[in-house]
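Structure, as structure tokens:
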Amino acid sequence: MWIKICANTNLDDAQMATELGADAVGFVFAPSRRRVTAKEVAQITPHLSESVERIGVFDSRYAEEIAAAVREAGLSAVQLHGGEEPVLARRLNEMFEGKIGIIQTVHWAVDEGEESAKAVRQRLKAIEASHAIERILIDSKVGQATGGTGVSFDWAAARDVLSNGDRRLKMIVAGGLHSQNVAEAILELNPWGVDVASGVEKAPGRKDRDKLAGFIRNARAAKSIAQ
Ligand SMILES: O=C(O)c1ccccc1NCC(=O)[C@H](O)[C@H](O)COP(=O)(O)O
């Protein structure tokens with residue numbers, strides 16, 4: 001089970017997440033109350049273990065802008081959170097000669113019921129056909145809010161849509177997860193990975209050690225049952 005702790009804003013939190021066993025730490029470059037700059041992240045990444053993925057979350061559609069932030073901040077992967085144009089992923093792959101991890105976010109609009117299921121199904125097909133992406137992250141969209149919402153989507157309704165997707169794509173589940181519901185999400189959807197931001201915080205942009213430890217412990221325990 002791959003675990004990403006997202007929306008880190010400071011070194012202590014990012015180090016705490018890695019010490020507790022996270023596989024990846026995320027930094028939000030998209031508009032958010034947890035937004036960070038490349039300059040700030042550049043002060044954090046050199047102090048993290050080489051083995052942990054450092055992922056920037058971007059809503060920009062400009063490859064050059066993303067690439068500049070990747071280089072300055074010392075990121076190892078990007079999460080494309082603003083749209084699903086395979087051309088952006090392809091361009092980044094070219095620019096970094098395939099040496100950068102790319103995760104494509106696909107939003108599940110929690111207010112849109114069946115429409116959401118249809119939209120996600122279509123997006124997964126398009127991503128699969130593009131052959132440019134190997135990991136997708138399914139996140140809740142609530143109104144205009146596209147991340148850090150603390151709201152989970154309907155896993156039971158999503159199960160069919162997500163299990164019919166391309167097995168080649170590694171699926172990461174996000175949106176409203178916390179230590180008390182992550183096991184249920186894993187047992188329902190059997191994802192490759194999970195991601196959390198607000199569910200392990202004591203305040204926006206500040207992580208809570210107990211919540212983090214509980215999240216990682218419960219996610220790993222659930223995955224061992226789901227397999
Ligand atoms: O976390 C944010 O504040 C955020 C804001 C805007 C765009 C993306 C954002 N986070 C990206 C992530 O990958 C989060 O982990 C994901 O949205 C889950 O958030 P949460 O529901 O709070 O666990």
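Every value quoted in this text rests on a predicted model; they were computed, and no experiment measured them. When a ligand or atom number is given, it counts from 1 through the structure's own listing order.
A side-chain donor-acceptor contact under 3.5 Å links Thr9 to the backbone of Gly205. Distance alone, capped at 3.5 Å, places no donor-acceptor pair between the Asp208 side chain and the Val200 backbone. A side-chain donor-acceptor contact under 3.5 Å links Asn181 to the backbone of Gly176. For the pair Arg34 (side chain) and Pro204 (backbone), a donor-acceptor distance under 3.5 Å is absent. Remark: side-chain polar atoms of Ser116 are not paired, donor with acceptor, to backbone N or O of Glu112 under 3.5 angstrom. In this structure, Lys4 contributes its side chain and Asp195 its backbone to no donor-acceptor pair below 3.5 Å. Arg54 places no side-chain N or O within donor-acceptor distance of the main-chain N or O of Leu48, the cut-off being under 3.5 Å.
Under a 4.0 Å criterion applied to the non-hydrogen atoms of Gly148, ligand 1 contributes the atoms 1 (O), 2 (C), 3 (O), 4 (C), 9 (C), 10 (N), 16 (C), 17 (O), 19 (O), 20 (P), 22 (O). Listed by number with element, the atoms of ligand 1 under 4.0 Å from a non-hydrogen atom of Thr149 are 21 (O), 22 (O). Using a 4.0 Å cut-off to heavy atoms of Gly175, the atoms of ligand 1 that qualify are 18 (C), 21 (O). Every atom of ligand 1 is numbered from 1 in the order shown, and the set under 4.0 Å from a heavy atom of Ala7 is 1 (O). Less than 4.0 angstrom separates some heavy atom of Lys4 from each of these atoms of ligand 1: 13 (O). Interface atoms of ligand 1 facing Asp139, defined by a heavy-atom separation under 4.0 Å, are 16 (C), 17 (O), 18 (C).
Polar contact check, Ala30 against ligand 1: no nitrogen or oxygen pair lies under 3.5 Å apart. Taking any N or O of Leu177, backbone or side chain, none lies under 3.5 Å from an N or O belonging to ligand 1. Residue Gly150 places at least one N or O, backbone or side chain, under 3.5 Å from an N or O of ligand 1. Residue Thr146 places no N or O, backbone or side chain, under 3.5 Å from any N or O of ligand 1. Ligand 1 has a nitrogen or oxygen under 3.5 angstrom from a nitrogen or oxygen of Arg34.
Distances from ligand 1 to the non-hydrogen atoms of Arg35 include no value under 4.0 Å. Heavy atoms of Gly26 stay at 4.0 angstrom or farther from ligand 1. In this structure, Ser140 has no heavy atom closer than 4.0 Å to ligand 1. Not a single heavy atom of His178 sits less than 4.0 Å from an atom of ligand 1.
For atom 15 (O) of ligand 1, the closest non-hydrogen atom of the protein is Asp195 OD1, 2.4 Å. The protein heavy atom nearest to atom 8 (C) of ligand 1 is His81 NE2, 3.4 Å. The nearest protein atom to atom 12 (C) of ligand 1, hydrogens excluded, is given as Cys6 SG, 3.5 Å; this is a heavy-atom distance. From the protein, the heavy atom lying nearest to atom 6 (C) of ligand 1 is Pro31 O, 3.5 Å. When hydrogens are left out, the protein atom nearest atom 22 (O) of ligand 1 is Ser198 OG, 2.5 Å; that is the closest non-hydrogen contact. For atom 23 (O) of ligand 1, the closest non-hydrogen atom of the protein is Ala197 N, 2.9 Å.
Taking all atoms of both residues into account, the shortest heavy-atom contact from Ser140 to Phe153 is OG-N, 3.3 Å.
Closest to atom 4 (C) of ligand 1 by heavy atom, among Gly147, Ala174, Gly205, Ala145, is Gly147.
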- [ ] I would like to know whether Leu75 and Glu53 meet side chain to side chain contact (heavy atoms under 4.5 Å, CB included); could you show each step before the answer?
- [x] CA-CA 8 Å; Leu75 301 174; Glu53 282 194 83; over 6 Å; no
- [ ] Assess whether salt bridge (charged side-chain N to carboxylate O under 4.0 Å, His left out) is satisfied between Arg121 and Asp160, documenting all intermediate values.
- [x] CA-CA 10 Å; Arg121 213 185 282 276; Asp160 183 44; 3.7 Å; yes
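Atom CD1 of residue Ile136 and atom CD1 of residue Ile138 lie 4.0 Å apart, to the nearest 0.5 angstrom.
A parallel orientation is assigned to the rings of Phe58 and Phe29, their planes being inclined by less than 30° (bins at 30° and 60°).
Within 6.0 Å of CD on Glu94 lie more than 12 heavy atoms contributed by other residues, nucleotides or ligands.
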